[in-house]
Amino acid sequence: MDQESKESTDRSSLVSDDGKNSKSVLCQRCGSKVLCPGTAVLAEKELFLPSMRKKSGLSSTEASVDGDTLSAHWFVDDMYTFENVGFTKDVGRIKYLICADCEIGPIGWHCLDDKKSFYIALDRVNHA
């Protein structure tokens, strides 16, 4: 089985018939709940997220930042949908989403130009 079909098989177990998350979304590091089942929609959007680290290392303005361009995200349109999420200081027009308990991240992305768009990268969280 190639990588792409493996990923779509894995994803199908995470998405309910109405396109929402069928499982809780949890922090990979501490297991804190980020989203409850049925609260986010799967969205395909290419976003660059810096490599995972503690909050203090995320707001640096270094010219070259290591990271990944990720395309599969849980999308919510209201920050109060989250069970447990923190935000970094502004990095340009972006705020990165982090675990509010252990402050690891970024697990997601929010552009200040769009008050109703919050993305959590599937590759940066666990599901249970």
Side-chain angles (χ1 to χ4, degrees):
M1 185 181 289
D2 65 14
Q3 184 66 27
E4 194 168 305
S5 59
K6 180 182 179 293
E7 283 181 13
S8 60
T9 304
D10 292 346
R11 278 195 205 145
S12 66
S13 69
L14 301 176
V15 182
S16 61
D17 292 339
D18 61 355
K20 296 191 174 184
N21 58 313
S22 59
K23 299 180 178 183
S24 292
V25 176
L26 310 173
C27 174
Q28 286 179 344
R29 185 169 176 224
C30 72
S32 183
K33 186 184 289 186
V34 177
L35 287 166
C36 289
T39 56
V41 177
L42 184 64
E44 295 287 331
K45 181 180 176 87
E46 286 202 354
L47 300 171
F48 176 82
L49 291 179
S51 296
M52 297 272 278
R53 59 185 72 131
K54 290 285 283 181
K55 181 179 175 182
S56 57
L58 287 174
S59 53
S60 63
T61 54
E62 299 165 21
S64 64
V65 177
D66 290 336
D68 306 294
T69 299
L70 303 170
S71 59
H73 304 275
W74 293 119
F75 169 82
V76 298
D77 61 6
D78 182 351
M79 73 171 141
Y80 296 107
T81 303
F82 293 107
E83 292 297 305
N84 195 0
V85 78
F87 294 85
T88 63
K89 292 181 179 158
D90 300 0
V91 181
R93 302 291 307 142
I94 306 297
K95 279 187 182 284
Y96 293 111
L97 281 60
I98 61 172
C99 174
D101 280 347
C102 72
E103 296 190 341
I104 197 77
I107 58 171
W109 186 93
H110 169 64
C111 180
L112 297 171
D113 297 330
D114 186 352
K115 301 280 185 227
K116 291 190 165 283
S117 293
F118 302 87
Y119 297 91
I120 297 287
L122 268 69
D123 291 347
R124 299 278 178 100
V125 292
N126 289 336
H127 301 86

Going only through I, L, V, M, F, W and Y residues with side-chain contacts under 4.5 Å, is there a path from Val76 to Val41? no

Would you check if [X] and [Y] make a side-chain contact, meaning some heavy-atom pair closer than 4.5 Å?
X: Ile107; Y: Cys27; result: no
X: Ser13; Y: Ser22; result: no
X: Leu122; Y: Leu42; result: yes
X: Val85; Y: Phe118; result: no

Leu97/Phe87 under side-chain contact (heavy atoms from CB on, under 4.5 Å): CA gap, chis, key distance, verdict: CA-CA 5 Å; Leu97 281 60; Phe87 294 85; 3.8 Å; yes

Can you tell me how far apart [atom1] ([X]) and [atom2] ([Y]) are? Round to the nearest 0.5 Å.
X: Ile98; Y: Ile104; atom1: CD1; atom2: CD1; value: 9.0 Å
X: Trp74; Y: Asn21; atom1: CH2; atom2: CG; value: 5.0 Å
X: Trp109; Y: Ile94; atom1: CH2; atom2: CD1; value: 4.0 Å
X: His127; Y: Leu26; atom1: NE2; atom2: CG; value: 8.0 Å
X: Leu112; Y: Ser117; atom1: CG; atom2: OG; value: 11.5 Å

Any side-chain hydrogen bond (donor to acceptor under 3.5 Å, both in side chains) pairs touching residues 24-34, not counting sequence neighbours? Ser32-Asn84, Ser32-Asp101

Quick one: which residue pairs count as a side-chain hydrogen bond (donor to acceptor under 3.5 Å, both in side chains) with a foot in residues 37-50, not counting sequence neighbours? Arg11-Glu44

Partners meeting side-chain hydrogen bond (donor to acceptor under 3.5 Å, both in side chains) with [X] (sequence neighbours left out):
X: Asp113; value: Arg93
X: Lys20; value: none
X: Asp17; value: none
X: His110; value: none

Listing request: all salt bridge (Lys or Arg N to Asp or Glu O under 4.0 Å) pairs with a residue in residues 114-128, at least two apart in sequence or in separate chains. Asp68-Arg124

With sequence neighbours excluded, what pairs up with Phe75 under the ring-ring contact (aromatic ring centres under 6.0 Å, His included) test? Tyr119

